[in-house]
Amino acid sequence: MSHLYRNLRIHQVFGANTDVGKTIITTALVRASALRNNPVFYLKPVSTGPLRDADDEHIKRFAGPKRSLVEARCLFRYEHPVSPHLAVKMASDASDKEFPAPSDTAVLTAIAEHVRACARKCQGGHMYIETAGGVHSPALSGTTQLDTYRPLFFPTILIGDFKLGGISSTISSYESLLLRGYTVDAVILFRDKYYRNYEYLTSYFAERNLRVISLDPPPPRLDNCAENIASTESYYTQVVPEGLNGEVFEAVQHLDDCHARRIEELDSMPRRTLSSIWWPFVQHGLFKSEKDVTVIDSASGDFYSVYNRTAGSPSSTPSSDGSLLTPQFDSSASWWTQVVGHAQPSLTLAAARAAGRYGHVIFPEAIHLPALKLAERLLTHGPGKGWASRAFFTDNGSTGTEVALKMALRSFSIHSGTELTSADRKNLGIIGMKGSYHGDTIGAMDASEEGVYTCEWHQAKGLWFEPPTISIKRGKLGVSIPTAMSAATPFVHFQNLASVYDVSKRLATPLAETYRLHVRKVLQAFSRSQDRRLAALMLEPLVMGAGGMIFVDPLFQRILVDTVRDRSLFSSPLPVIYDEVFTGLYRLGLESSIPLLGSNPDIAVYAKMLTGGTLPLAVTLASDYIFQAFNSQSKADALLHGHSYTAHPMGCQIANETLDLIDGFVKRRSWKSAQAKWTSEPDTKLGSWSFWDPSFVQAISQVDIVDEVMTLGTVFTIKFNGDNTGYVSHCARKLLQAIKAPEGGMFGIHFRTLGNVAYFMTSLNTPRENIEVVENRIWMALGQHGRDPPR
């Protein structure tokens, strides 16, 4: 919802406190803009108190000699002169019928519509949007203004406090703005000759490259209305002279310069990017045009604000309102990390709190409270409950899985019951799945078979099973059985998600026996033909992400776990690793796959969603059985693995806050409503439900160009037919290219593909109405114009 126009410079005015002169100074800015022959728009989103004292009325009265260029407006007005949240409550109490407070979304929508209308009226103007009270004064909903208005992301003017204590309140307000990502272009305040706050603040902010402008204070308010008006008009004439000189005009020019620099920088970013950045997972030979660079100006909630340099030009889309910023839904959840939406204030404050208290501190032989609390939480109340005894911190998912491999291989070496030579240890292998991916560090690569992600040093070490997969084909849910398993039928139908994901009931079915026989047969054949010993089982439970969003039959994975712990096949049970970097922490609608699979791992890895998409952090959980393999009196036996930023306090603090937020989401009515569409017995522990509408999913599966679809929790995937080139395919990108741009009043969608597979994800708190827009855009992009998607 961010707005930026070439032809309309917009600034939002916040005050460091109440009664600091926001309206007086804003009026001066309005007059100066008008005297420079700029059309000027003033907006007071919310006003409380009598109309005669309203700020927009003050603007109209004192707009100056070129008042015809000034338009002043208020959107929400309440008569009681109190805080907005209280004013709307008092209005409701005085009404004969219920009078609910407008939501933050309603307020933002009204502001955005007004801004768009103003932008269409002029070819070069200024706009000032004045807030109420101080930066943290409540909006109508009770949310503080800083958080309410943040999605609009207007550049800010901070009106400093010139009174006693004003230095502190001004600096505190400035820091509160910065913590929420606002860009503060100027601090303006009155020159009080006694406290002289402006002197200190000018020096203080100069060190931060922030312009401070001070003005003479207004005269005292007079009791006589006519005399007061005359006195006030005289003041404005002095501080905003028709000669176009003085501090106010300097301020207006400075704000114009800031606006121009912002656009110039956004304009230059694609060119500078193509000459300096090496992107991951991108073939630069295919991306040579500046228009291919997505410039993200800011992000909020589920959306990016993407720069569109052609907006307002003849080549712009008919739906464009002239704004240089386009909202795009982040449908990849920023590489699967988003869980609570971008720029979540509580996560930002958690990071600041830890940074202010610790910065970063060394971790070996030491502890800090954020790390200890996170470890205890994951072990006793989280996915490690009942089986894990230790938490090992690393930097990201790849390093988390790499240390998991070290743990598993050492444990096998110690507990295998046979003496392994150095060559034997270096030749140990992993059991896994075809299409698996555990990270881009070379050790993690070695735990997957050869593929597009591997490199020159990669040496695949193990045995990989082709997995049975779950999908919806032409409206039918079922499991596709690989031909190597000699199943009676290649596609086994199921009535609903609950039945296919009820692993405990399916253990006694003929299909389970087919899986058991196949797994044992393959393992026995491998042991006869290979000199490599298999030392661990490593799984991405339920969904293999980077391999193509492959939904694996959980029954098959459970059979694998049971088999590697069968002493009739292995002298010692093999360690089992669950790589839940992508799937864990409710990405698939359940905290962990462990309850669904019905079997605990020995090691499990969590990352991505752990910190709400704010900072990288990973935690590898391990059982005491694994830990004891490293526990001795010799330093050489220790787990000699670590990173300089291991368990960094900011990441740990953010993770604790993220888990608190998730605990609240799980109890929300929106979760229960989504679950009820998929099953008559909602249960977040089973994971057999999705945020995506079941009727929509069924309908997409029957579109001609679609091979299959699948969904769980926040994830929805579409596999297109007719292109079997795998990861290097461009068909999914081409088929859905149209959804990137906004159309018909609907926002654009930023999406990622894996060859002929397109995937879409929500956060855990994405409003249902936003998901419906994404569904509608997908539906239309696949040629379903003129037909509403089923609901």
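Not measured: the values here are computed from a predicted model.
Salt-bridge formation is detected for the pair D267/R6: a Lys NZ or Arg NE/NH1/NH2 atom is positioned less than 4.0 Å from an Asp or Glu carboxylate oxygen. Look at E772 and R768 and you find a salt bridge, because one of the NZ, NE, NH1 or NH2 atoms lies within 4.0 Å of a carboxylate O, short of that distance. Salt bridge annotation for D56-K44: absent, with no cationic side-chain nitrogen under 4.0 angstrom from a carboxylate oxygen. A salt bridge does not link E242 with R31: every distance from a Lys NZ or Arg NE/NH1/NH2 to an Asp or Glu carboxylate oxygen is 4.0 Å or more.
Inspection of the H126 and D256 side chains reveals an N or O donor paired with an N or O acceptor under 3.5 Å. For the residue pair S169/D161, the side-chain donor-acceptor check at 3.5 Å is satisfied. Inspection of the E130 and T23 side chains reveals an N or O donor paired with an N or O acceptor under 3.5 Å. Under 3.5 Å, the side chains of H342 and D302 contain no donor-acceptor pair of N or O atoms. When only modelled atom types and interatomic distance are considered, T143 and D104 share a side-chain donor-acceptor pair under 3.5 Å. Defined by atom type and a distance below 3.5 Å, a donor-acceptor pair is missing between the side-chain atoms of Y149 and R180.
Here Y304 and H750 bring their ring centres to under 6.0 angstrom of each other. Taking the six-membered ring for Trp and the full ring otherwise, Y198 and F162 have centroids separated by 6.0 Å or more. Checked against the 6.0 Å centroid criterion, the rings of F205 and Y174 qualify as a close aromatic pair.
Contact record, Y195 with K163: CD1-C, 4.0 Å, taken as the closest heavy-atom pair. In this structure, M650 and A355 approach most closely via the heavy-atom pair SD-CB, 3.5 Å.
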